[in-house]
Structure formats: structure tokens, C-alpha cells
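For reference, the structure is listed below as C-alpha cells.
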Amino acid sequence: MALTRLAVTNLRNLAQVDIQPSPDVNLIYGANGSGKTSLLESVNLLSMGRSFRSHKIKPLITQNAQELTVFGRLFSKGSELPLGVSRSRSGESQFRVQGRGVESLAELTSYLPLQVINADAFTLLEGAPKVRRQFLDWLVFHVEHEFYGVWKSAQRSLKQRNTILRRGRIEGYELTPWDRELVAATERIQLMREACFTKLKAVFEPLVKEFVAIEGLTLSLYRGWEKDTDYQELLAQTLDRDIKQGFTGAGFHRADIRIKINAQSAADVLSRGQQKLLVCALKLAQGRLFEQITGRKCIYLVDDLPAELDEKHRHLLVKWLDKLQTQVFITGVEIEPLLVPWRELNRELKLFHVEHGAITSEDYLGEQ
Ligand SMILES: Nc1ncnc2c1ncn2[C@@H]1O[C@H](COP(=O)(O)OP(=O)(O)OP(=O)(O)O)[C@@H](O)[C@H]1O
Ligand SMILES: [Mg+2]
């Protein structure tokens, strides 16, 4: 799977860009503020309808323009799939696949599976449980077709339950239907998450060892309530506390992947470089597992490759990206540090130079 065309209008400083990326390796270089991250954001928009930097749309739209659009041609399984996204200042959105409007962002997301490695990568370790939960759920969503429906049912019943809890005066029977729906959905979510997590761990553990030697590293799945406790019983036991708090304290919405080093949080122990490598290993493991299960590949966006990584580890990351044999977009200020690790590898490289929002494509002809 690869994007073979990417056309962007009015996204930050990219007024009008139309490029034909390599299905293999795209190296994007240019000065600070030239528009490199914005180009990666445009790919993210095609996949998720929004940026990886912010959920807000207005800051993305070029000043004085009313609307941004991104058009992409996705080459997948021998055929081409046109994808289009437009978002306007007044809040209108359009997501189109093969000229047809898609119903939901969830549907759009299923076409273009992406992995992003950028300066925010650290939040996977130091951020709130939500970040790690979303990381796991991304995988579950892409490999378990029923997950999204079940997750929506769990969200709905949780919301209804919380509304009743906040009201205070509760008749027991009012909660019953929502509790029933919540328990049923939660149990299914837990089973799907557990299955994906076990597989992820099996791919991740050998992979991380190649990147970085971290003694005592463990990954475990916290399901959102204590082990060996029946969720239905727990809801009954904690009802008084839930009423006092005005929300449901335990459940699928509290799940987390705990990443520890000898019982301490990895974010507290590791150096920045080690943290980045750990996150890279998690994202590579996810892409690899995704491919093993679905036969499809993720596209990788690596924003500012040299940041936090020394030369040896840049080589390692590139070696792994190469092993995945998937399309990658990698940015950096200087071209040399981007290019060096790929020189030995037999991939079709394209170079893009970004200057003040304009992009010129340069074919890489190897060593002259
Ligand atoms: N809504 C907007 N309208 C116009 N320009 C914008 C808008 N939002 C951001 N910019 C500008 O777009 C430019 C490109 O930003 P971007 O983050 O893509 O740069 P970059 O090449 O990734 O830089 P760096 O190397 O510093 O990461 C910046 O100069 C920024 O000020
Ligand atoms: Mg940038």
C-alpha cells in the first residue's frame, strides 16, 4: 500500500502542493519552518481527518483561506483508490473515497493505516493512560471488525450510566439496562484487547532488544479494574462511591498498557533517546503485527528523524523500516543524515526539498 500522489491546498504554509511520492522511501528536507511537518500532517488528514499535532482544524487552514483540501491516490492491492478530505473554517468537513462520501471517520481511517513517529512520541510513555489505550485500540480497531461497534455501545452505556449517577437520587432499576449493556460490551472489549496485546508483546519483545538493551523492561495490560474481579460484581460493590463521584470509576475506559522497568515507570527511568527508541520499537511492532494479521502494511511518517537519536540508532530505525518494506515519509532539516542510513539499502528513494511552503522533487540517482 502506498500513496502515489499527494495534493495539498491551503494547509498551514502549503498553499498549493502536488507531489508524486515514491512507493518506497521519501526523504523530505528543508529549513525550520519550511513546511515539512505540514506535509506529514496532510497525510495524517487523509488517514484520520485531522492532524497528529492538534484536534483543532482552524490552525491548520492557511491564514486568510477558508478551506483546506488534501487529495491522495492510494495504490493498494493492484488498484488505485482516490481519497479526499476537506475541512473548512466554518466547521464543514468532507471525506471522500473513490468519489463517494464516507459515513464516518472510522470508515476513512480503515483505508490508510498510518504510524507516526514524531516529537510527541514520548507521550506514549509519559502521557496519560488514554494515549496508551488509544495505541492498543488502534490495533484492535484495525484487526477486529466488531470492535468499533462494541466500543460505541460501551461508550453509550457508560455515558448514560454517568448521567444517572450525577443526578444523585437513583432508583435501582434505572441503572440495570445500562449496566447490562456496559458489562456485556466491556467483557468483549477486554477479550479483544487481551488477544491483541498478547500478540503485540510477542512481536515487541524480540524487536526492542535489537534497538536498546533495557534490563527489566516489562509490558502489561491493565484492563481498567482489578484482576480476578468480576466487572458486574465490581459495579455493584462500588456503586456508592460512583454515586458520590458522579461517574463510573472502573472499566474499559480506564485500561492502560503499563510499561515498567523493575517496577518503575519507564518514563521515569530512561533517557530521552532510550524513550524514543522504545516508542519506535512499539510502533514498529504494531505495524509488523498489523501486517501479520491483515496482510496489509502501514505507512510510516517519521518527523525529524535525527531528533533525539544518534547515528547508530538512526541506522537501526532505518534498518527496521526497511525490513517492513513499506512506504515511509521521513523529514529532517539536512538531507545528509536522512540519506546516509538508506544508501546501502536497495530502495527507491525520492528526495523532496521544502522551501517556504513550495516543494521540489529530486530523484535520487545513487552515488555519483
Ligand atoms: N494557519 C497557518 N497559515 C499559514 N502559515 C502557517 C499556519 N500555521 C503554521 N504556519 C507556518 O507554516 C510553516 C511550516 O510549519 P512546519 O511546522 O510544517 O515547519 P517544519 O518545516 O516542520 O519546521 P521545523 O523544522 O521547525 O519542524 C511555519 O513557518 C509556520 O509558522
Ligand atoms: Mg517540523
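For the numbers below, each heavy atom of this structure counts, side chains included, while hydrogens, waters and symmetry mates do not. All residue numbers refer to positions in the sequence shown, counting from 1. Every number for a ligand or one of its atoms is a count from 1 in the order of the listing.
- Within the structure, the closest approach of Gly30 to ligand 1 does not fall below 4.0 Å when heavy atoms are considered.
- For Asp268, the CG atom sits in a packed shell: over 12 heavy atoms of surrounding residues, nucleotides or ligands are nearer than 6.0 Å.
- Within the protein, the number of N/O/S atoms found under 2.8 Å from the Mg ion (ligand 2) is 1.
- Within ligand 1, the atoms closer than 4.0 Å to a non-hydrogen atom of Pro59 are 1 (N), 2 (C), 8 (N), numbered from 1 in the order shown.
- Using a 4.5 Å heavy-atom cutoff, the side chains of Leu105 and Phe95 are in contact.
- With a heavy-atom cut-off of 4.0 Å, Ile61 touches ligand 1 through its backbone alone.
- Atoms of ligand 1 lying under 4.0 Å from any heavy atom of Thr37, numbered from 1 in the order shown and given with element: 17 (O), 18 (O), 20 (P), 22 (O), 27 (O).
- The presence of a protein heavy atom under 4.0 Å from atom 9 (C) of ligand 1 is confirmed.
- Atoms of ligand 1 lying under 4.0 Å from any heavy atom of Ser38, numbered from 1 in the order shown and given with element: 14 (C), 15 (O), 16 (P), 18 (O).
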After noting the C-alpha distance and the side-chain angles of Glu67 and Ser88, does the key distance pass the side chain to side chain donor-acceptor pair (under 3.5 Å) rule?
-> CA-CA 4 Å; Glu67 181 184 68; Ser88 80; 5.5 Å; no
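- Taking each of Lys58, Glu41, His356, Lys36 in turn, the one with a heavy atom nearest to atom 20 (P) of ligand 1 proves to be Lys36.
- With hydrophobic clusters built from ILVMFWY side chains whose heavy atoms lie under 4.5 angstrom apart, Leu239 does not share a cluster with Phe247.
- For the 3.5 Å distance criterion, the side chains of Asp304 and Thr331 fail to qualify, holding no donor opposite an acceptor.
- Using cut-offs of 30° and 60° for the angle between ring planes, the Tyr29 and His353 rings count as parallel.
- Selection from Arg53, Gln63, Arg12 by nearest heavy atom to atom 5 (N) of ligand 1 gives Arg12.
- For the side-chain contact (heavy atoms from CB on, under 4.5 Å) with Thr186, the qualifying choice from Val183, Ile189, Leu182 is Leu182, the only one to do so.
- Contacts between Glu355 and ligand 1, counted as non-hydrogen atom pairs separated by less than 4.0 Å, are absent for every part of the residue.
- For the pair Ala31 and ligand 1, a heavy-atom separation below 4.0 Å is found.
- Side-chain N/O atoms of Ser153 and Glu181 include a donor and acceptor closer than 3.5 Å.
- Criterion: ILVMFWY side-chain heavy atoms under 4.5 Å apart, direct or through other members. Under it, Phe352 and Leu45 are part of a common hydrophobic cluster.
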Can Lys209 and Glu205 be said to form a salt bridge (Lys or Arg N to Asp or Glu O under 4.0 Å), step by step?
-> CA-CA 7 Å; Lys209 287 200 180 100; Glu205 282 173 350; over 6 Å; no
